[in-house]
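Have a look at the structure below, then the notes.
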Amino acid sequence: MNRREPLRIAVIGTGRMGADHVRRIDRVVSGARVTAVVDIDAERAKAVAAGVDGCTAHTDPAAAMAAADVDAVLIASSGPAHEAALLTAFEHDLPVLCEKPLTPDAASALRVMEAEQALGHRRVQVGFMRRYDTEYARLKALLETGRLGRPLMLHNRHRNVASPPFFTSAMLITDSVAHEVDATRWLLGHEITAVTVLRPTPSAGAPEGLTDPQFVVLETDGGALSDVEIFVNCGFGYQVQAEVVCERGTARIGDGHALVTSTAGRWGGTITQDWTERFAQAYDDEIQTWVDTTRRGGITGPSTWDGYAAAAVCEAGVRALESGVRVEVDLVEKPALYR
Ligand code: ISE
């Protein structure tokens, strides 16, 4: 594909992320427009489509992907619905941006990876948007210079104000820590080999029965350790911080020091309240990059392999959470398409 015309996108799933992506493609990103939206809730799909010129509403992803005015697909439905949508997109050989998780478990991620290999070319960019965040990108660039020496440890903090009602203890790993799993693999260039999950007494601020917070330790094949404090009911704000400790220095991001005021005997700043605010720039750049690359006929960003590796690590993480012991990660050999 080498399109002069705007890329015509079907957005599957019009919940929180899907609706935000529809707005982004319609108003922020250049070179693309939303021509179809899909939701199992017909009324919700219609309401979103009504706000976009020339956009049709569907309840069946396959019908939207078969439409003549669709060149690419953005999948933002719930994780369990991703596999079927991805396989249908492959039938039409459509470029895809798939929100994380690629799929909920390693077996289904493997099936998707096999189907993509059968196409003979990469079609999927996985929505690990932190790779497009300016601060994460600067940290990655610094590590790549080698100035600080070999990375030894990565300390991550990931805090949400409150978890949604459907959130389970396993979802702290599969839905939230999934981001640190990808960030660790990407920043360090290592694969994760084992996961341990430690559980302090849950916060009184967490819903009854939810194991929140958790402390997750990831071991890598490069001999580094990456730890993650995940706390999804911290109550005070949305914080994502990372500090890399290397042989000759450390580097840290996510302190949110963009604006610090000093007044009335105090100093301080504000804390963002959710990820759409904290990572707005990252989402905008992620989608713009996907659109630009797709229009040129290329593919970039986190691949199906990255989605599979994250799913396998998260699956091991859930077993570590449930068993209380260290669980090794079992990855298949990396296929040539992703090397
Ligand atoms: C949510 O699904 C996200 O992807 C957010 O980035 C993360 O902070 C949150 O914990 C997840 O539930």
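Every number for a ligand or one of its atoms is a count from 1 in the order of the listing. Numbering starts at 1 and runs along the sequence shown.
Only the side chain of F167 comes within 4.0 Å of ligand 1, counting heavy atoms alone; its backbone N, CA, C and O stay farther away. Under 4.0 angstrom from ligand 1, the non-hydrogen atoms of D175 come from both its backbone and its side chain.
The cationic atom of R16 (NZ for Lys, CZ for Arg) lies less than 6.0 Å from the six-membered ring centre of W275 and within 45° of the ring axis.
Using a 4.0 Å cut-off between charged side-chain N and carboxylate O, R339 and E333 make a salt bridge. Under 4.0 Å is where a charged nitrogen must lie from a carboxylate oxygen, and between R24 and D284 at least one such pair does. A salt bridge does not link R157 with E243: every distance from a Lys NZ or Arg NE/NH1/NH2 to an Asp or Glu carboxylate oxygen is 4.0 Å or more. Between R130 and D133 there is no salt bridge, since none of the side-chain N atoms of the basic residue sits less than 4.0 Å from a carboxylate O of the acidic one.
Of all atoms in ligand 1, listed by their number and element, those nearer than 4.0 Å to a heavy atom of Y238 are 5 (C), 6 (O), 7 (C), 8 (O). Using a 4.0 Å cut-off to heavy atoms of S176, the atoms of ligand 1 that qualify are 9 (C), 10 (O), 11 (C), 12 (O). Taking every non-hydrogen atom of H179 and a distance limit under 4.0 Å, the qualifying atoms of ligand 1 come out as 3 (C), 4 (O), 5 (C), 6 (O). Of all atoms in ligand 1, numbered sequentially from 1 with element shown, those under 4.0 Å from a heavy atom of H158 are 7 (C), 8 (O), 10 (O). Which parts of ligand 1 touch K100 is read off a 4.0 Å heavy-atom cut-off, strictly below it: atoms 1 (C), 2 (O), 3 (C), 4 (O).
To the nearest 0.5 angstrom, T184 atom OG1 is 5.5 Å from L218 atom CG.
Aromatic ring orientation, Y136 versus F279: tilted (interplanar angle from 30° to 60°).
Note on ligand 1: M171 sits outside its first shell, no heavy atom being nearer than 4.0 Å.
When only non-hydrogen protein atoms are considered, atom 9 (C) of ligand 1 lies nearest to N160 OD1, 3.1 Å.
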